Number of protein chains: 2
Amino acid sequence: MRLLLIEDDTSLAEGIRTALKPEGYTVDWLADGQQAFHGIKNEVFDLLLLDLGLPGLDGLSLLKKIRAEGKNLPVLILTARDAIADRIAGLDAGADDYLIKPFDITELKARIRALLRRSAGRAQTSLQLGELELNPQNQQVIFQQQPVNLTRREFALLHELLNQPGHVFTRDHLQQLLYGWEEDVESNALEVHIHHLRKKLFPSLIRTLRGIGYVLDKDAQP
Amino acid sequence: MRLLLIEDDTSLAEGIRTALKPEGYTVDWLADGQQAFHGIKNEVFDLLLLDLGLPGLDGLSLLKKIRAEGKNLPVLILTARDAIADRIAGLDAGADDYLIKPFDITELKARIRALLRRSAGRAQTSLQLGELELNPQNQQVIFQQQPVNLTRREFALLHELLNQPGHVFTRDHLQQLLYGWEEDVESNALEVHIHHLRKKLFPSLIRTLRGIGYVLDKDAQP
DNA sequence: CACAAAAATTAAGGCTAGCTTAAGGCGCAC
DNA sequence: GTGCGCCTTAAGCTAGCCTTAATTTTTGTG
């Protein structure tokens with residue numbers, strides 16, 4: 001899962017990123033609303049964490065612009081002002097949820113999970129495919145009744161694939177999922193992670209599309 | 001599927017080509033409107049990606065000339081100017097859709113798919129013929145309930161044939177489909193691919209028209 | 001029926017994307 | 001500070017795809 005955080009308070013932003021990283025999210029960060037708008041237009045994110053009260057293009061206007069573009073991205077508003085009017089304005093402008101600063105980081109995590117779940121159009125919290133089950137809440141993967149230890153990257157990959165079995169993910173997409181804008185990975189790290197997943201689960205789970213990317217087949221069997 | 005990209009910004013053009021290749025499109029590229037007009041007159045493309053604001057013959061004039069020729073090619077306009085007047089002019093001149101730069105590459109892909117689907121006059125995304133089903137989204141082919149592994153070239157060929165069962169495709173057309181202008185294939189590669197398709201599916205699927213090309217019979221049976 | 005042209009068949013070889021493996025470094029926790 | 005585990009890197013390997021080319025079969029024609 002790839003999130004975009006738009007927040008002008010540097011230390012808060014750092015804190016949020018550090019807190020979300022262990023959850024397996026890739027969090028890109030921008031402090032400026034105008035930049036954020038371009039970012040959203042050109043890249044694919046799963047969720048937007050938006051601070052109201054930004055310099056440049058303010059949060060509410062940004063949100064309106066995004067919705068005007070027809071983007072259906074889930075947006076979670078962070079706001080210091082607890083004025084009711086503000087919250088209502090935010091929700092009216094197309095936000096999906098809001099959180100008042102200062103907030104508890106665990107609540108943030110919970111709400112992010114809820115929004116992602118909702119946007120995927122799912123009621124239950126865990127993803128299942130045959131004998132494989134992935135639970136985003138506690139980062140657990142169970143295969144054939146046995147818990148499987150996956151690392152952060154492995155989990156992130158499997159999570160993405162499992163979100164849309166049968167959908168083709170290009171190598172590019174998966175790399176961005178793992179690395180965001182941070183580093184430029186000039187190696188075969190992605191392939192290594194795929195390899196580890198196949199080893200820990202079963203080889204035929206992930207099908208390679210040569211020159212394209214990877215798919216998780218709906219009827220994959222060990 | 002063979003697309004023609006007319007764009008004078010080299011790096012953007014490269015980017016688009018790289019992004020579309022994994023989707024299975026063959027993308028030929030021209031930077032000049034005049035050349036493009038000749039290209040379109042003499043070759044067969046499935047879709048045109050057209051940058052407005054070209055040197056030589058500008059995009060709008062090119063589009064008008066194409067339509068004047070009676071060509072029914074789907075045209076997707078790319079434009080940096082977001083002036084409403086421009087878009088309207090583009091659509092009036094016969095464009096089928098437009099995208100404003102800078103655009104999201106995934107949106108470009110989605111719109112290309114939509115246009116191709118529309119131009120093929122189909123609602124569903126997967127192509128079916130008897131017990132054979134081809135899904136362009138996830139590059140999968142199913143025959144008699146069993147998934148069939150096709151390579152990139154085989155898939156591209158079958159995709160083309162399946163798009164218009166009963167339509168005769170010349171050898172020349174199919175070769176250009178696979179190779180564009182890039183390389184010149186001086187061998188019987190096409191025949192070999194056809195052979196492989198017949199082997200993996202069933203021989204009578206593709207009928208040979210000696211001296212002309214190939215057809216996929218509408219009522220082909222194993 | 002014989003011949004030529006076209007297409008089918010088959011196998012081989014090169015190439016490249018992806019796989020595998022191992023090592024080193026870095027960060028994090030204790 | 002130290003140890004452990006995860007991640008990246010890199011190098012060598014594998015396998016599958018594509019083309020080529022030689023040979024055989026088919027088809028159409030005189």
Side-chain angles (χ1 to χ4, degrees), chain A residues 14-15 17-26 139 141 148-158 161 168-180 182-215, chain B residues 18 21-22 24 26 139 141 148-158 161 168-180 182-216:
Chain A
E14 285 303 333
R17 299 186 78 195
T18 322
L20 292 182
K21 199 176 159 192
E23 302 289 308
Y25 301 120
T26 301
Q139 303 257 88
V141 172
V148 181
N149 268 335
L150 295 187
T151 68
R152 193 161 56 85
R153 300 254 125 118
E154 288 159 11
F155 187 88
L157 268 179
L158 184 61
L161 293 170
V168 175
F169 294 93
T170 60
R171 307 167 62 76
D172 218 54
H173 175 89
L174 295 175
Q175 295 211 353
Q176 290 226 333
L177 169 80
L178 292 183
Y179 306 111
E182 305 298 75
E183 52 236 292
D184 228 19
V185 179
E186 294 290 336
S187 82
N188 60 346
L190 174 62
E191 285 155 26
V192 175
H193 292 308
I194 293 277
H195 175 60
H196 288 151
L197 275 175
R198 283 171 172 158
K199 216 164 162 186
K200 290 185 179 180
L201 301 164
F202 54 100
S204 64
L205 175 65
I206 300 165
R207 184 157 54 95
T208 304
L209 296 180
R210 193 160 236 264
I212 305 174
Y214 297 94
V215 208
Chain B
T18 320
K21 199 179 161 193
T26 302
Q139 310 264 326
V141 172
V148 181
N149 270 333
L150 296 188
T151 69
R152 206 168 89 248
R153 299 255 130 112
E154 288 159 10
F155 188 89
L157 270 179
L158 183 61
L161 294 170
V168 175
F169 294 93
T170 62
R171 307 166 61 76
D172 217 54
H173 174 90
L174 295 175
Q175 295 213 356
Q176 292 228 333
L177 169 79
L178 292 184
Y179 306 111
E182 305 298 77
E183 53 234 295
D184 229 20
V185 179
E186 294 292 335
S187 81
N188 61 345
L190 173 63
E191 284 155 20
V192 174
H193 291 309
I194 293 278
H195 175 59
H196 287 152
L197 275 176
R198 284 172 171 157
K199 214 164 163 186
K200 290 185 179 180
L201 301 165
F202 55 99
S204 64
L205 175 66
I206 300 165
R207 185 155 55 90
T208 304
L209 295 180
R210 206 184 167 76
I212 306 175
Y214 298 93
V215 208
L216 200 150

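Quantities reported herein were computed from a predicted structural model and do not represent experimental measurements. Labels below follow one simple rule: chain letters A, B, ... track the order of the sequence lines, proteins then strands, and each chain is numbered from 1.
Atom P of nucleotide C:dA17 and atom CD of A:Gln175 are separated by 14 Å, given to the nearest angstrom. Atom CG in A:Leu197 sits roughly 14 Å away from atom C1' in D:dC7 (whole-Å rounding). Rounded to whole angstrom, the span from the NE2 atom of B:His195 across to the P atom of D:dC17 amounts to 15 Å. We find that NE2 of B:His193 is positioned 17 Å from P of D:dG16, with the value rounded to whole Å. Following rounding to the nearest Å, B:Leu150 (CG) and D:dG16 (P) show an atom-to-atom distance of 15 Å. Between the CD1 atom of A:Ile206 and the P atom of C:dT20 there is a distance of 11 Å, given to the nearest Å. Going from atom CZ of B:Arg153 over to atom P of D:dC18 covers 6 Å, rounded to whole Å. Atom NZ in B:Lys199 sits roughly 14 Å away from atom P in C:dA8 (whole-Å rounding).
B:Tyr214 pairs in a side-chain contact (heavy atoms from CB on, under 4.5 Å) with only one of the listed residues (B:Leu209, B:Leu197, B:Leu174), which is B:Leu174.
The side chain of B:Tyr214 contributes no N or O atom lying less than 4.0 Å from OP1 or OP2 of C:dA6. OP1 or OP2 of D:dT8 has at least one side-chain nitrogen or oxygen of A:Tyr179 nearer than 4.0 Å.
An end-to-end axis angle of 30° holds for the helix from C:dC1-D:dG30 to C:dC30-D:dG1, taken from five base pairs per end and rounded to 10°.
When atom types are taken as modelled, the side chain of A:Arg210 and the backbone of B:Arg152 share no donor-acceptor pair closer than 3.5 angstrom.
Here B:Gln175 contributes atom CD and B:Leu157 contributes atom CG; the two are 10.0 Å apart, rounded to the nearest 0.5 Å. The line from CG of B:Leu201 to CG of B:Leu158 is 6.0 Å long, rounded to the nearest 0.5 Å.
B:Arg198 contributes no side-chain N or O that forms a donor-acceptor pair with the base of C:dA8 under 3.5 Å. In terms of polar N and O atoms assigned as donor or acceptor, the side chain of A:Arg210 comes within less than 3.5 Å of the base of C:dA17 in a complementary pairing. Judged by atom type and distance alone, A:Asn188 reaches the base of C:dT20 through a side-chain donor-acceptor pair under 3.5 Å.
Taking the side chain of A:Thr208 as heavy atoms from C-beta on, and the options C:dA8, C:dG18, D:dT20, the nearest nucleotide is C:dG18. Here the nucleotide nearest the side chain of A:Thr151, chosen from D:dC6, C:dA7, D:dT8, is D:dC6. Comparing atom distances between the B:Arg171 side chain and each of D:dT8, D:dT19, C:dA7 picks out C:dA7 as nearest. Nearest to the side-chain atoms of A:Glu191 among the listed nucleotides C:dC19, C:dA8, D:dC7 stands C:dC19.
In terms of heavy-atom proximity, B:Asn149 sits nearest to B:Lys200 at O-NZ, 2.9 Å. Taking every heavy atom of both residues into account, A:Ala156 and A:Leu178 meet most closely at CB-CD2, 4.0 Å. Closest heavy-atom contact between B:Glu154 and B:His196: OE2-CB, 3.4 Å.
At the heavy-atom level, A:Phe155 lies nowhere under 4.0 Å from the strands shown.
Classified by interplanar angle (parallel below 30°, tilted 30° to 60°, perpendicular above 60°), the ring pair B:Phe169/B:His173 is tilted.
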